[in-house]
Amino acid sequence: MVEPYSNAAGVFGKRLRAIRTGLALSQEEVAHLAEIHPTNYGKLERGRANPNMETIIRISTVLGIEPGELLHGLTTADYPGRHHNVTAKEWLEARERMR
């Protein structure tokens with residue numbers, strides 16, 4: 001089995017699959033309704049692709065969920081090679097302490 005593109009992509013795909021199967025829909029049905037090629041949709045469920053915002057909104061609309069349900073809790077820490085996992089608030093606080 002091929003590894004997901006990133007932890008975030010893997011989590012997104014698992015959530016997508018769980019919701020879709022809970023609705024008893026096939027990948028092809030969701031892809032058709034969301035106007036996405038079935039191959040690309042399958043890649044999303046396997047975590048082998050990163051969707052853009054339009055794709056997330058199309059799919060979530062078809063599934064009858066808020067887009068945030070698919071992204072909840074994901075951060076830059078879920079991507080390989082990320083070195084900066086600091087929020088703007090944390091950075092500003094550290095900058096103030098340096099003054």
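Only this structure's heavy atoms are used, side chains among them; waters, hydrogens and symmetry mates stay out. The structure displayed is predicted, hence computed values, not measured ones.
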Please report the interatomic distance [atom1]([X]) to [atom2]([Y]), rounded to the nearest 0.5 Å.
X   : Y   : atom1 : atom2 : result
L92 : R97 : CG    : CZ    : 10.5 Å
T39 : R48 : OG1   : CZ    : 14.5 Å
I65 : I56 : CD1   : CD1   : 10.0 Å

Could you tell me whether the side chain of [Y] reaches within less than 4.5 Å of the side chain of [X], counting heavy atoms only?
X   : Y   : value
N50 : F12 : no
T55 : N52 : yes
H72 : R15 : yes
E45 : K14 : no
V30 : L23 : no

Side chain to side chain donor-acceptor pair (under 3.5 Å) against N7, all qualifying residues, sequence neighbours excluded: D78

Any sub-3.5 Å donor-acceptor pair from S26's side-chain atoms to E29's backbone N or O?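 Present.
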
Between R17 (side chain) and G13 (backbone), is there a donor-acceptor pair under 3.5 Å? no

Search all heavy atoms of [X] against all heavy atoms of [Y] and return the closest pair with its distance.
X   : Y   : result
V86 : W91 : CG1-N, 3.7 Å
P67 : S60 : CG-OG, 3.3 Å
P38 : E28 : CB-CG, 4.4 Å
L25 : R20 : O-NH1, 2.8 Å

For E69, does the CD atom sit with more than 12 other heavy atoms under 6.0 Å from it, leaving out its own atoms?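 Yes, enclosed.
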
Is it the case that one hydrophobic cluster holds both [X] and [Y], taking links as side-chain heavy atoms less than 4.5 Å apart, direct or via other members?
X   : Y   : value
L71 : I57 : no
Y5  : L70 : no
L44 : Y79 : no

